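Quick caveat: nothing in here was measured; it's all calculated off a predicted structure.
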Amino acid sequence: MKNMKTRIAAAAFAAITAVCGMQAISASAYVNHFVYTVISQDQAENAQYMGEVVRGWSRFGNINAGTTWTGSATCGPICKKNFGKGSYSGNNNGTVLTKSQGLSMHMAQSFFGTTVFMEHITGSNTVYKPGDQVRLGSTRNAAQKTIFITYVNGNTFDTYSINHSNNKIECCKYRKKANSYQFQRLNANGTVAEDNIYTDFLIRPIKEGDVNGDGVFTGADQTWLNNNIGDMSNYPKDANALMNPSTKATELFIRAAMGDKQTWTIPYSTYYTVGWDLNHKNGQQGVYNDTGRMTWDGSSNYYFVTVNDL
């Protein structure tokens, strides 16, 4: 992709200029064998874009309130937060999902253009985003309801789900309770119809460069990379040497860290990409990039990981 090539070239320049008299492996020798979604983070979080997608689902996919939905979705590669192996839901690559899980995953895969997702335990500080799949209920079995968020207005969300008793699609409004991991379901007039709804975990696509999986590009990513792959010697480095493949989803990590599938390695340029983006915004040194988006191409676009080869 054009923006990827631009970032790699800039990473090579940053490595050369930042390392006085020391030589790192050139990023130009690195070949990326993965592609990212055509949907950027900016586009995915744009309410107008989501609205257009929702209208398309309504018109062409018959996804409307009150419609019977008996479809399914096949789960793609999935991991826990911080690339932990496995999933909180117990689902894995190839699991067929039905009812509210199936509808939510179907909508998420269609919306983001990827089948790669990461599960995160919810808490009082969780910030919800359009496209999130949120599991409601006190246990993590298939009977619990999953909702798909289509619109975020502060702590109030428009959602789609399935009534498990009759397979009817529900369009509901929920509100996150202040300083809590619980939701309230609201009536059309905004009054509380159901209170103290426990949220268990949410499912999101993995954003490129976001190695700790919190959904944004921050100093935590830079610190992790600095501690784990920031040494300039012996590059490129083997992904399985950086993350234990028995406990970590190494294959998904290498994709998010712009790794090379054929050699299973991480390039030195990954570290510089994070360092540069956190201290520059659209090429302006000293302007802190607190948006959690990539800035190499000057557009603040930040994409999601897929598993396809170029």
Practice item. Starting from the C-alpha separation in whole Å, work towards a yes-or-no answer on side chain to side chain contact (heavy atoms under 4.5 Å, CB included) for Asn91 and Gln101. Key: CA-CA 10 Å; Asn91 299 326; Gln101 284 191 85; 2.9 Å; yes
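- Remark: Lys80 pairs with Tyr88 by the side-chain contact (heavy atoms from CB on, under 4.5 Å) rule, at least two apart or across chains.
- The closest donor-acceptor contact from the side chain of Thr199 to the backbone of Tyr181 lies under 3.5 Å.
- Tyr198 and Leu186 are members of different hydrophobic clusters when ILVMFWY side chains are connected at heavy-atom separations under 4.5 Å.
- Listed for the Arg185 side chain is no donor-acceptor partner under 3.5 Å among the backbone atoms of Lys173.
- When the shell of 6.0 Å around CG of Asn196 is examined, it contains more than 12 heavy atoms from other residues, nucleotides or ligands.
- The environment of Asn125 atom CG is sparse: at most 12 non-hydrogen atoms of other residues, nucleotides or ligands sit within 6.0 angstrom.
- Criterion: ILVMFWY side-chain heavy atoms under 4.5 Å apart, direct or through other members. Under it, Val53 and Trp69 are part of a common hydrophobic cluster.
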Check your understanding: Should Lys85 and Thr250 be marked as a side chain to side chain contact (heavy atoms under 4.5 Å, CB included) after you check the CA-CA gap, both sets of side-chain angles, and the distance that decides it?
Key -> CA-CA 8 Å; Lys85 204 164 189 177; Thr250 315; over 6 Å; no
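- Classified by interplanar angle (parallel below 30°, tilted 30° to 60°, perpendicular above 60°), the ring pair Phe183/Phe157 is tilted.
- Centroid-to-centroid, the aromatic rings of Trp224 and Phe253 come within less than 6.0 Å.
- Annotation for Gln48: atom CD does not count as buried by contact number, only 12 or fewer foreign heavy atoms lying within 6.0 Å.
- Nearest heavy atoms, His164 versus Ser100: NE2-OG, 2.7 Å.
- Counting only residues at least two apart or on different chains, no ring pair (Phe, Tyr, Trp, His ring centres under 6.0 Å) pair has a member in residues 91-110.
- Ion pairing of Glu194 with Lys177 is absent here, as no side-chain N (NZ or NE/NH1/NH2) approaches a carboxylate O to less than 4.0 Å.
- Partners of Thr67 under the side-chain contact (heavy atoms from CB on, under 4.5 Å) rule, at least two apart in sequence or in another chain, are Asn62, Asn64, Ile169.
- Partner of Leu136 under the side-chain contact (heavy atoms from CB on, under 4.5 Å) criterion, out of Ile147, Asp200, Thr159: Ile147 alone.
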Practice item. Go through the steps for Val134 and Thr146 under the test side chain to side chain contact (heavy atoms under 4.5 Å, CB included), then give the verdict. Key: CA-CA 5 Å; Val134 184; Thr146 302; 5.9 Å; no
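- Placement of Val127 and Phe201 in two distinct hydrophobic clusters is found when ILVMFWY residues are connected by side-chain heavy-atom separations under 4.5 Å, directly or transitively.
- Checked by atom type and distance alone, the side chain of Asn163 pairs as donor or acceptor with a backbone atom of Ser165 at under 3.5 Å.
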